[in-house]
Amino acid sequence: MRNLTLLVTLLLLFNTPCLRAQKKEIAQARSYIKSGKNLDKAEKLMADLLAADSANMLNPKIHVLLYTAVRRQYEAGNEKLYLRQQYDTASLFNLTKRMFDICERFDSIDARPDKKGRVRPDYRRDHSRELDAIRRNLYLGGRFFLAHNTVEEAFSFFNAYLDCARQPLFTDYHYDERDTLMAEVAYWATYTGFRERQPEHILRYAELAKNDTSRIEFTLQYVAEAYRMTGDDEGYHNTLMEGFSINAEHPYFYPRLMDFYSRTDQYEAALKLTDAALEENPYSELFLFGKSTALLNMGRNVESLEVSQQLIGINNSLPEPYFNAATALLNQIIPLERNVRANRKAITELYQQARPYMERYRKLAPAQKAKWAPALYNIYLNLNMGKQFDEIDKLLKN
């Protein structure tokens, strides 16, 4: 019993200076707030108290003073902006976010059950009302930082705006049901995640962002890129298909689906997709080129040539259909070369037919030397076109 008394005495001796220091700092913070000066110092005093001792986290006075100090700074800054006096706009937005962070953290303490298990938060009603009135500033802050290319900061603001919907502090506001801005803010959060190249941030609010139908095609692009970054082929493919079903002729979805099918050797799927698209628009240059390429990859060279010729008839200034047409003709030579003597005439005719297509491709796409130079080398060699062959031979050697 004597030892226990000694231990309690020692604990009281150790705690007394801490309590005195805490009371002194609380009193000082109150003095700063009352005077309306040194509000940043009042904020620091309370923030330091919370960081210094975990026991201080349970003291409502510290949280309330911290919040009040930041709120007063916000009000002073807001007044300066209203009066068109010089003030750092970024600081006002940061103060807004700090107010939300402080109150949401404190709410979990304020809402602790009492001894009878009852939850009766004392500050939730007032804090949520005050913060709801300025919540839009979180969205505006996100747009502000995004416009200034501070994308990581921008995401934190959009995230804070959207996260209010799940915070117990705002239980009575039902943001998910009543806030018509949620989908738009979710889009900007998704876009900002894309700018950050952070897949987790892209995907966090992607489903909500899809409700912003005016921007859904962009949202799906960002989501597809998130899956591509993480190597999730199933998610990537499904998102591309979702975008394709919304707008088959969008320049993002169909080409990447075709590339995906080509990369994974799913040529039948590529052809099926293209045929479905051509039912919607049989004269689409994009879909016709996709079909000629799919057929080429499947070894259906005669059909690929026919589709390429159809596309050239629609638009003779596109380079790739000429390459596909020439390649389809050259591919037909390969099986004939098993018996060159018997098939000499047919082989020569195919080289002759392929030549104008590949030469046209060269003219339209001079930078694609890696594609047209080897093909023209073989064409000129087999057609005994010495002058043309020498030119290509020099190009390849260089």
Side-chain angles (χ1 to χ4, degrees), residues 33 43 46-47 50 57-78 81 89-114 117-146 152-193 200-212 219:
I33 292 169
E43 177 188 0
M46 296 301 94
L50 291 176
M57 290 293 293
L58 302 179
N59 188 337
K61 294 179 182 179
I62 299 174
H63 291 277
V64 172
L65 284 171
L66 176 61
Y67 169 65
T68 304
V70 176
R71 180 165 57 83
R72 292 286 177 83
Q73 291 177 71
Y74 170 85
E75 290 168 351
N78 197 43
L81 286 178
T89 305
S91 295
L92 187 72
F93 287 131
N94 283 323
L95 286 166
T96 304
K97 187 169 179 297
R98 291 213 294 280
M99 290 165 64
F100 277 81
D101 291 340
I102 292 165
C103 287
E104 288 171 359
R105 183 171 61 244
F106 172 55
D107 185 69
S108 63
I109 296 166
D110 185 35
R112 287 180 304 158
D114 61 18
R118 296 171 300 187
V119 175
R120 294 178 177 178
D122 295 321
Y123 296 91
R124 177 178 291 178
R125 183 177 179 182
D126 288 341
H127 285 175
S128 63
R129 175 176 49 80
E130 291 167 1
L131 293 178
D132 177 70
I134 62 170
R135 178 167 167 260
R136 185 178 172 83
N137 281 349
L138 293 174
Y139 166 60
L140 296 176
R143 294 296 300 269
F144 173 85
F145 287 109
L146 186 59
E152 185 175 348
E153 192 77 7
F155 180 84
S156 71
F157 275 79
F158 295 135
N159 180 63
Y161 182 96
L162 296 165
D163 190 59
C164 290
R166 72 170 191 86
Q167 289 290 339
L169 176 62
F170 300 104
T171 297
D172 294 338
Y173 289 85
H174 305 286
Y175 290 130
D176 281 339
E177 301 168 11
R178 299 175 183 173
D179 184 355
T180 58
L181 201 59
M182 290 288 283
E184 182 180 341
V185 180
Y187 165 78
W188 287 113
T190 304
Y191 169 70
T192 307
E200 190 273 330
H201 287 177
I202 296 172
L203 298 174
R204 184 175 297 180
Y205 298 109
E207 287 303 314
L208 179 57
K210 290 178 186 179
N211 292 332
D212 185 354
T219 296

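The structure presented is a predicted model; accordingly, all values stated were derived computationally and were not measured.
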Closest non-hydrogen atom pair, Thr171 against Pro168: OG1-O, 2.6 Å
Geometric class of the Phe158/Tyr139 ring pair [parallel <30°, tilted 30-60°, perpendicular >60°]: tilted
Criterion side-chain contact (heavy atoms from CB on, under 4.5 Å) against Asp110, the qualifying member of Leu169, Val119, Asp122: Asp122
Residue pair Asn159 / Tyr205, side-chain heavy-atom distance below 4.5 Å: yes
Pairing residues for Asp101 by the salt bridge (Lys or Arg N to Asp or Glu O under 4.0 Å) criterion, not counting sequence neighbours: Lys97
Heavy atoms of other groups near Glu152 CD, more than 12 under 6.0 Å: no
Parallel, tilted or perpendicular: rings of Tyr173 and Phe170 (30°, 60°): perpendicular
Residue pair Arg105 / Leu66, side-chain heavy-atom distance below 4.5 Å: yes
is_close_aromatic(Phe145, Phe157), centroid dist under 6.0 Å: yes
Parallel, tilted or perpendicular, as decided by the 30° and 60° cut-offs, for the rings of His127 and Tyr123: parallel
Minimum-distance pair of heavy atoms, taken over all atoms of Met99 and Val70: CG-CG1, 3.5 Å
Sequence-distant partners of Glu207, side-chain contact (heavy atoms from CB on, under 4.5 Å), two or more places apart: Lys210
Six-ring centre of Phe155, Arg204 cation under 6.0 angstrom, axis tolerance 45°: no
